[in-house]
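Let me begin by presenting the structure, written as structure tokens, before commenting on it.
Position 1 is the first residue of the sequence; numbering continues from there. In this text the structure is predicted, and so the values were computed from the model without any measurement.
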Amino acid sequence: SIGDKTFESHVYSWDPENDLAIVLTSAELAPLPLSTQPQPGWWAMSVGSPFGYAGSVSIGNVMNSDSVEVIATAPMNSGNSGGPLINAAGEVMGSTTYVTVSEDGIEPWNVSMALPALCSRLVDCTAEQMGWQNSES
């Protein structure tokens, strides 16, 4: 639902391992644009519903990235999983996936991971189609 309106929707594709889904809806929604491959130092915002607080955001920066994952300092909790990691231009850099913890499993390292996995996990498409062309070209 959006505001007081409810729209018909259904799950098109689902990846339970990475907590990702494509949901088809009758609502007319503009998609968020996709980022080129994130670079160290870029501003990063994690969006989700940690602890049940819908629409929450946390801010950090990109520490590094490769073709498999984005390493960011934006704090993430279980309610952020599957949500977008967005850059300063409002582009999606990846889907938030997990946080790292110390070897004792208790102390967080304050490092979060996002995967550019929407295409590769839910739809058959390439990294170029995900939007991760070489950002220097």
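Within the 3.5 Å criterion, the main-chain N or O of G83 finds a donor-acceptor partner in the side chain of T96. Between the side chain of S35 and the backbone N or O of M93 there is no donor-acceptor pair closer than 3.5 Å. Not one N or O on the side chain of S65 forms a donor-acceptor pair closer than 3.5 Å with the backbone of Q39. For the pair E28 (side chain) and S26 (backbone), a donor-acceptor distance under 3.5 Å is absent. For the pair T25 (side chain) and A27 (backbone), a donor-acceptor distance under 3.5 Å is present.
Heavy-atom minimum distance, A74 versus A44: CB-O, 4.0 Å.
From M45, atom CE reaches atom CD1 of I86 across 4.0 Å, with rounding to the nearest 0.5 Å. To the nearest 0.5 angstrom, M63 atom CE is 7.5 Å from T73 atom OG1. Summarising the geometry, atom CG belonging to N61 is positioned 11.0 Å from atom CH2 belonging to W43; distances are rounded to the nearest 0.5 Å. Here E91 contributes atom CD and W42 contributes atom CH2; the two are 7.0 Å apart, rounded to the nearest 0.5 Å.
Listed by chain and residue number, nothing satisfies the side-chain hydrogen bond (donor to acceptor under 3.5 Å, both in side chains) test with N64 (two or more places apart in sequence, or in another chain).
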### Query
So V62 and V70, side chain to side chain contact (heavy atoms under 4.5 Å, CB included) or not? Walk me through it.
CA-CA 7 Å; V62 172; V70 180; 4.2 Å; yes

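L29 and F7 fall within a single hydrophobic cluster, where Ile, Leu, Val, Met, Phe, Trp and Tyr are joined by side-chain heavy atoms under 4.5 Å apart, directly or via other members.
Sequence neighbours left out, the pairs with a member in residues 44-56 that pass side-chain hydrogen bond (donor to acceptor under 3.5 Å, both in side chains) are S46-N80.
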